[in-house]
Number of protein chains: 2
Amino acid sequence: MFTLAEENYLKAIFHLEHDFHGEVSTNAIAESMETKPSSVTDMVQKLGEKKLLTYKRYKGVKLTAEGKKVATNVIRKHRLWEVFLVEKLNFHWDEVHEIAEQLEHIQSEELILRLDKFLGSPEFDPHGDPIPDKHGVLKRTEKKLLSEIDKNQKGVCVGVKESSPEFLQYLDKKKISIGTKITVLGKEFFDGSMIIQVGREQFFISHKIAENLYVQTQE
Amino acid sequence: MFTLAEENYLKAIFHLEHDFHGEVSTNAIAESMETKPSSVTDMVQKLGEKKLLTYKRYKGVKLTAEGKKVATNVIRKHRLWEVFLVEKLNFHWDEVHEIAEQLEHIQSEELILRLDKFLGSPEFDPHGDPIPDKHGVLKRTEKKLLSEIDKNQKGVCVGVKESSPEFLQYLDKKKISIGTKITVLGKEFFDGSMIIQVGREQFFISHKIAENLYVQTQE
DNA sequence: TTTTATTTTTAGCCTTGACTAAAAATATAT
DNA sequence: ATATATTTTTAGTCAAGGCTAAAAATAAAA
């Protein structure tokens with residue numbers, strides 16, 4: 001149906017639209033795909049002719065409904081395969097991205113239908129990102145700082161604001177990494193410190209830690 | 001490491017060498033890959049430079065040890081994925097070939113290691129073909145074509161030579177699959193057709209069917 | 001052994017998806 | 001408003017992997 005390159009462009013543009021909405025610039029696409037702006041211009045012209053996005057020279061691009069459908073389908077496949085790799089083959093969350101980048105391009109409706117069922121129709125991938133349904137609908141999730149979430153709420157760690165070795169080593173020591181589920185058990189208004197639960201452990205963290213950890217809450 | 005096209009050529013050449021040993025001709029490769037002889041010449045010249053096969057103009061090609069290693073590795077991946085599709089995703093054996101043709105090109109040593117373990121290190125794929133080990137060694141099986149066995153002999157179906165959906169669906173209709181016991185009740189010398197017994201049913205099969213079914217005879 | 005047929009290769013062209021270098025449009029600063 | 005900087009596009013190349021048509025080598029037949 002679509003080439004590997006086309007699918008990768010649509011996916012990248014979808015992510016850019018999602019992150020900073022509005023039209024997506026040629027340069028932004030080039031940077032996110034580690035390619036040159038001139039190559040991007042070529043490709044978006046082709047995708048424009050195929051009605052997968054709207055393109056006007058010098059004005060950026062915007063996916064059409066059709067383009068979005070293709071993009072979310074690729075993302076759905078990527079995330080389902082990530083679940084497979086982690087849940088069934090016991091990969092660690094940080095090893096699966098590259099492999100899923102390849103698997104997401106396998107063409108077979110039936111395969112994905114069955115894979116989804118085999119995995120128990122998961123709603124989130126191992127990094128906490130939502131898996132689009134077969135119509136491309138994405139559950140809305142929000143990325144917040146841990147410091148912003150309330151007592152008794154849960155979140156999945158999706159990233160760090162600061163990435164100094166000291167901070168990362170601290171997280172390691174506390175067994176926190178991307179994908180780790182964190183529950184806020186208590187919150188001190190005076191200094192913003194928290195008591196949190198990670199796995200079976202409960203412990204205290206300072207506001208400084210909480211304001212450098214991104215979490216995704218999933219209602 | 002190697003491109004999709006290169007892997008497909010090496011795989012096709014490996015199968016041709018295996019079926020009719022000796023040098024493999026340009027035309028034979030072209031036919032088996034449904035491409036043109038001129039395209040084959042181009043590619044085998046490149047593969048020759050990469051020491052994956054030996055090539056002398058007008059004299060056919062022969063895989064080097066290295067070329068065989070690459071080919072058997074692709075075949076190993078193909079067959080492991082077929083087992084996955086049938087055993088885990090409940091695909092039928094006639095639906096898996098096309099999908100495995102795509103999956104066999106996914107690049108990740110670790111993935112195949114883990115997939116193999118997940119599947120319980122199977123020795124045969126759903127069509128009865130042996131799965132090469134990680135060093136490329138193929139188990140030799142003592143199998144004959146049904147067309148080669150004599151009247152009143154019995155055999156167990158262990159695989160198929162051709163694996164087109166049409167053929168596999170025919171076998172299904174006749175309730176023949178891997179493990180099915182077949183008895184040859186009669187054999188017509190003129191056209192090679194047979195009367196066979198499968199379960200309680202007795203029926204007629206043509207030579208074309210008999211020469212595409214592998215069986216293991218049990219004295 | 002010629003002649004004819006078949007197989008294989010060469011030469012030249014096409015498409016995809018990259019690239020560089022230069023030109024054009026837009027945005028920013030004086 | 002003009003000059004400068006930035007972004008985007010165009011034009012021209014390149015490699016991979018196909019193709020067709022024609023030439024060359026080998027094999028088969030007279």
Side-chain angles (χ1 to χ4, degrees), chain A residues 1-14 16-17 19-63 67 70-71 74 101-102 104-105 107, chain B residues 1-14 16-17 19-63 67 70-71 74 101-102 104-105 107:
Chain A
M1 205 63 183
F2 298 99
T3 69
L4 194 144
E6 286 170 339
E7 288 191 344
N8 283 335
Y9 271 96
L10 293 170
K11 185 181 53 151
I13 294 166
F14 182 89
L16 290 168
E17 276 187 3
D19 291 354
F20 332 87
H21 1 65
E23 271 72 32
V24 178
S25 78
T26 302
N27 263 14
I29 298 169
E31 195 183 348
S32 90
M33 298 189 68
E34 300 188 306
T35 183
K36 302 290 165 178
S38 56
S39 307
V40 173
T41 301
D42 274 3
M43 183 54 99
V44 297
Q45 286 174 349
K46 283 179 209 163
L47 294 174
E49 278 166 28
K50 293 191 180 181
K51 308 286 188 202
L52 294 166
L53 48 78
T54 55
Y55 164 73
K56 276 187 207 106
R57 53 210 207 318
Y58 296 101
K59 303 221 68 177
V61 304
K62 200 164 181 306
L63 293 180
V70 176
V74 173
E101 286 286 302
Q102 299 178 62
E104 71 188 7
H105 300 290
Q107 307 278 9
Chain B
M1 206 63 183
F2 298 99
T3 69
L4 194 144
E6 287 171 339
E7 288 192 345
N8 282 336
Y9 271 96
L10 293 170
K11 185 181 53 153
I13 295 166
F14 182 89
L16 290 167
E17 275 187 5
D19 292 353
F20 333 87
H21 351 68
E23 270 71 32
V24 177
S25 79
T26 302
N27 262 14
I29 298 169
E31 195 184 348
S32 90
M33 298 189 68
E34 300 187 306
T35 183
K36 302 292 165 178
S38 57
S39 306
V40 174
T41 301
D42 274 3
M43 183 55 99
V44 297
Q45 284 174 350
K46 284 178 208 163
L47 294 174
E49 279 165 27
K50 293 190 180 182
K51 308 285 188 204
L52 294 165
L53 47 78
T54 55
Y55 163 74
K56 277 187 205 106
R57 53 210 206 323
Y58 296 101
K59 302 221 68 177
V61 305
K62 200 165 181 308
L63 293 180
V70 176
V74 174
E101 287 285 300
Q102 298 178 61
E104 72 188 8
H105 300 291
Q107 307 278 8

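Every heavy atom of this structure was used, including side-chain atoms; hydrogens, water molecules and symmetry mates were not. Not measured: the values here are computed from a predicted model. Chain identifiers are assigned alphabetically (A, B, ...) following the order of the sequence lines, protein sequences preceding nucleic acid strands; residue numbering begins at 1 within each chain.
Applying the side chain to side chain donor-acceptor pair (under 3.5 Å) criterion to B/K50, with sequence neighbours excluded, gives B/E6. Judged as a side chain to side chain contact (heavy atoms under 4.5 Å, CB included), and not counting sequence neighbours, the contacts of A/K36 are A/S38, A/S39. In terms of the salt bridge (charged side-chain N to carboxylate O under 4.0 Å, His left out) criterion, residue partners of A/E104 (sequence neighbours excluded) are, by chain and number, A/K11. For A/Q107, the side chain to side chain donor-acceptor pair (under 3.5 Å) partners are A/E7, not counting sequence neighbours. Applying the side chain to side chain donor-acceptor pair (under 3.5 Å) rule to B/E23 yields no partners; only residues at least two apart in sequence or on another chain are considered.
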Distances for protein N/O vs nucleotides 7-11 of chain D N/O pairs under 3.5 angstrom?
| from | atom 1 | to | atom 2 | distance (Å) |
| --- | --- | --- | --- | --- |
| D/dT8 | OP2 | A/N27 | N | 3.0 |
| D/dT8 | OP2 | A/N27 | OD1 | 3.3 |
| D/dT8 | O3' | A/Y58 | N | 3.4 |
| D/dT9 | OP1 | A/Y55 | OH | 2.5 |
| D/dT9 | OP1 | A/Y58 | N | 2.9 |
| D/dT9 | OP2 | A/T26 | OG1 | 2.9 |
| D/dT9 | OP2 | A/T41 | OG1 | 2.9 |
| D/dT9 | O5' | A/Y55 | OH | 3.4 |
| D/dT10 | OP2 | A/Q45 | NE2 | 2.8 |

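Rounded to whole angstrom, the span from the CE atom of A/M43 across to the P atom of C/dT15 amounts to 16 Å. Atom CG in A/N8 sits about 17 Å away from atom P in C/dT16, given to the nearest Å. Atom P of nucleotide D/dT26 and atom CD of B/E23 are separated by 15 Å, given to the nearest angstrom. Across the protein-nucleic acid pair, B/L4 atom CG and C/dG17 atom P stand 14 Å apart, rounded to whole Å. In this structure, CD1 of A/I29 is placed 15 Å from C1' of C/dG17, rounded to the nearest angstrom. Straight-line distance from the OH atom of B/Y9 to the P atom of D/dA16: 14 Å, rounded to whole Å. Per the geometry, NZ belonging to A/K50 stands 7 Å off P belonging to C/dT16, to the nearest Å. Here the P atom of nucleotide D/dG18 and the CD atom of B/E6 are 10 Å apart, to the nearest Å.
Phosphate proximity of D/dA16 to B/T3: absent, as no side-chain N or O sits under 4.0 Å from OP1 or OP2.
Annotation: the span from B/I29 atom CD1 to B/T41 atom OG1 amounts to 8.5 Å, rounded to 0.5 Å.
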